[in-house]
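Notes for the one structure printed next.
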Amino acid sequence: MNKNEKFVITINRELGSGGRTVGRKLAERLGVAFYDKALIKGLQEKFHLTVDEIERLKGEKKGWWSDIKRILQIGPGMDSNYYLPQKGGAADLLDTKDIFEAETMILQDIAIHESCVVAGRSGFYVFRAYPNHLNILIQASMPFRINRVMRKQNVTEEKAREIISKVDKMRENYVKEYTKTSRYDTHNYDLVISADGKSEDEIVDFIMQYIG
């Protein structure tokens, strides 16, 4: 990946690995925007961005994404959770084919206009034909993930295990349904990083060194 040209970095991650935080910090370091599930779903809800509506907007005005970005005041390194509603919860992972297709169109159009870091949303698949991209998977051992979920969500170890198991299954089913591959298939990634024994900042440092 050439960071001196328009690029996309995708971050797929296991729940409890700290991957989303890594993505946000990486975007800040690179001075580009950070996009995740909360933002994309928020855009769909706020602007009713179905496949047909996106096609209409693109047909009417080439700068439709720039207009939306200006309205939402999206800037480099900004965290979408601060300015868009987030429903949260594992149930949000249950998407229809139409929603997946709309998300894909939104993300691909974003990449036409700017460099960015994208967390989740099957980015490795969405940008598979994009000429200048880097796909990253961030994993961690189960004890690491459990401890992080316990700390972040203030739950017991038993509850943390339950949450991780449920989200892992739902995310894998989602990816298999719409990409016909597994999110754990390392062939889909340029970098696979274990978060064990590393801080988010150390992982970002490693990625920056890899990019060069």
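- In this structure F144 satisfies the ring pair (Phe, Tyr, Trp, His ring centres under 6.0 Å) test with no other residue, sequence neighbours excluded.
- Here K176 contributes atom NZ and R183 contributes atom CZ; the two are 11.0 Å apart, rounded to the nearest 0.5 Å.
- Taking CD1 from I11 and CD1 from I136, the interatomic distance works out to 4.0 Å, rounded to the nearest 0.5 Å.
- Between I203 and the options L191, V22, L26, T21, a side chain to side chain contact (heavy atoms under 4.5 Å, CB included) holds for only V22.
- With Y174 as the aromatic partner, R171 does not meet the cation-pi criteria of under 6.0 angstrom to the ring centre and within 45 degrees of the ring axis.
- Here the CG-OG distance, from N173 to S182, works out to 10.5 Å after rounding to the nearest 0.5 Å.
- With sequence neighbours excluded, no residue forms a side-chain hydrogen bond (donor to acceptor under 3.5 Å, both in side chains) with N132.
- Residues D168 and Y184 form a side-chain contact, since some pair of their non-hydrogen atoms from C-beta on lies under 4.5 Å apart.
- With hydrogens and angles ignored, the 3.5 Å screen pairs no side-chain donor or acceptor of Y130 with any backbone N or O of V8.
- How far OG of S17 is from CD1 of I138: 6.0 Å, rounded to the nearest 0.5 Å.
- With rounding to the nearest 0.5 angstrom, the CD atom of E172 is 11.5 Å from the NZ atom of K169.
- Salt-bridge annotation for E200 and R13: absent, with no side-chain N of the basic residue lying under 4.0 Å from a carboxylate O of the acidic one.
- Using a cut-off of 4.0 Å between Lys/Arg side-chain N and Asp/Glu carboxylate O, K159 and E162 are scored as salt-bridged.
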